[in-house]
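Working notes for the structure below.
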Amino acid sequence: MLRAKSLSIIAPAIVALTIGACSYIQSDADAVATQAASAQTIVAEAGDLVSSGTFEGRSDHITTGGVSLVSTEDGYQLVFADDFSLDGAPDPVVGFGKAGAYDTASQVSALANKTGAQSYSLPVSFTPDAYDEVYVWCEQFSVPLGVATLETAE
């Protein structure tokens, strides 16, 4: 008798929590969309958009978020969007690659932060046509943590 009564109290609570969680997930999705739009505004104000892409995780790591290559008066900038996130790894660096191969000579910098917007100034010698991918690379284990294929801006 006591179990049936407890179940009648617990079941509605579980339903309420499930509905609340679904609402939270929708709100989170809306926030991500707003952050992506905000990042594009920042890129547009910083210079001319050359190309952009979205990170996908590699080597069993979760890497997400947008990245843009921007041409400015001072050269090129690599801009990670507000929604950038890396789940963590030792010794992450930022660099470029082409056709699925990371170019170790293209290393730009150590990754500044595992989450959020960040920008990297590229060397004067940087040539955008030489690469079609941005990498977050683990130096310690020589594996990709995330790769974004760059699509040329129209």
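Interatomic distance, CG of Leu69 versus CG of Leu49, reported as 8.0 Å (0.5 Å rounding).
For Asp87, the side-chain hydrogen bond (donor to acceptor under 3.5 Å, both in side chains) test picks out His61, with sequence neighbours left out. Not a single side-chain contact (heavy atoms from CB on, under 4.5 Å) links Thr152 to another residue, sequence neighbours left out.
No donor-acceptor distance shorter than 3.5 angstrom exists from the side chain of Thr127 to the backbone of Ala130, with no hydrogens or angles considered.
A 4.5 Å side-chain heavy-atom check between Val94 and Leu78 finds at least one atom pair inside the cut-off. Taking the side chain as every heavy atom from C-beta outward, Phe55 and Thr64 never approach each other to under 4.5 Å.
Applying the salt bridge (Lys or Arg N to Asp or Glu O under 4.0 Å) test to every pair with at least one member in residues 53-64, sequence neighbours left out, gives these pairs: Glu56-Arg58.
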Return a table of donor-acceptor pairs under 3.5 angstrom between the side chains of residues 136-151 and protein atoms on other chains or two or more places apart.
none

For a quick test of your reading: what N or O donor-acceptor pairs under 3.5 Å do the side chains of residues 115-126 make, sequence neighbours left out?
residue	atom	partner	partner atom	Å
Gln118	OE1	Ala112	N	3.4
Gln118	OE1	Asn113	N	3.1
Gln118	OE1	Tyr120	OH	2.5
Gln118	NE2	Asn113	O	3.0
Gln118	NE2	Gly116	O	3.1
Ser119	OG	Gln77	OE1	2.6
Tyr120	OH	Ala112	N	2.8
Ser121	OG	Gln77	NE2	2.7

Output a table of donor-acceptor pairs, distance under 3.5 Å, between side-chain atoms of residues 96-105 and any protein atom two or more places apart or on a different chain; print 'none' if there are none.
residue	atom	partner	partner atom	Å
Lys98	NZ	Asp129	O	3.2
Asp103	OD1	Ala105	N	3.0
Asp103	OD2	Tyr131	OH	3.1

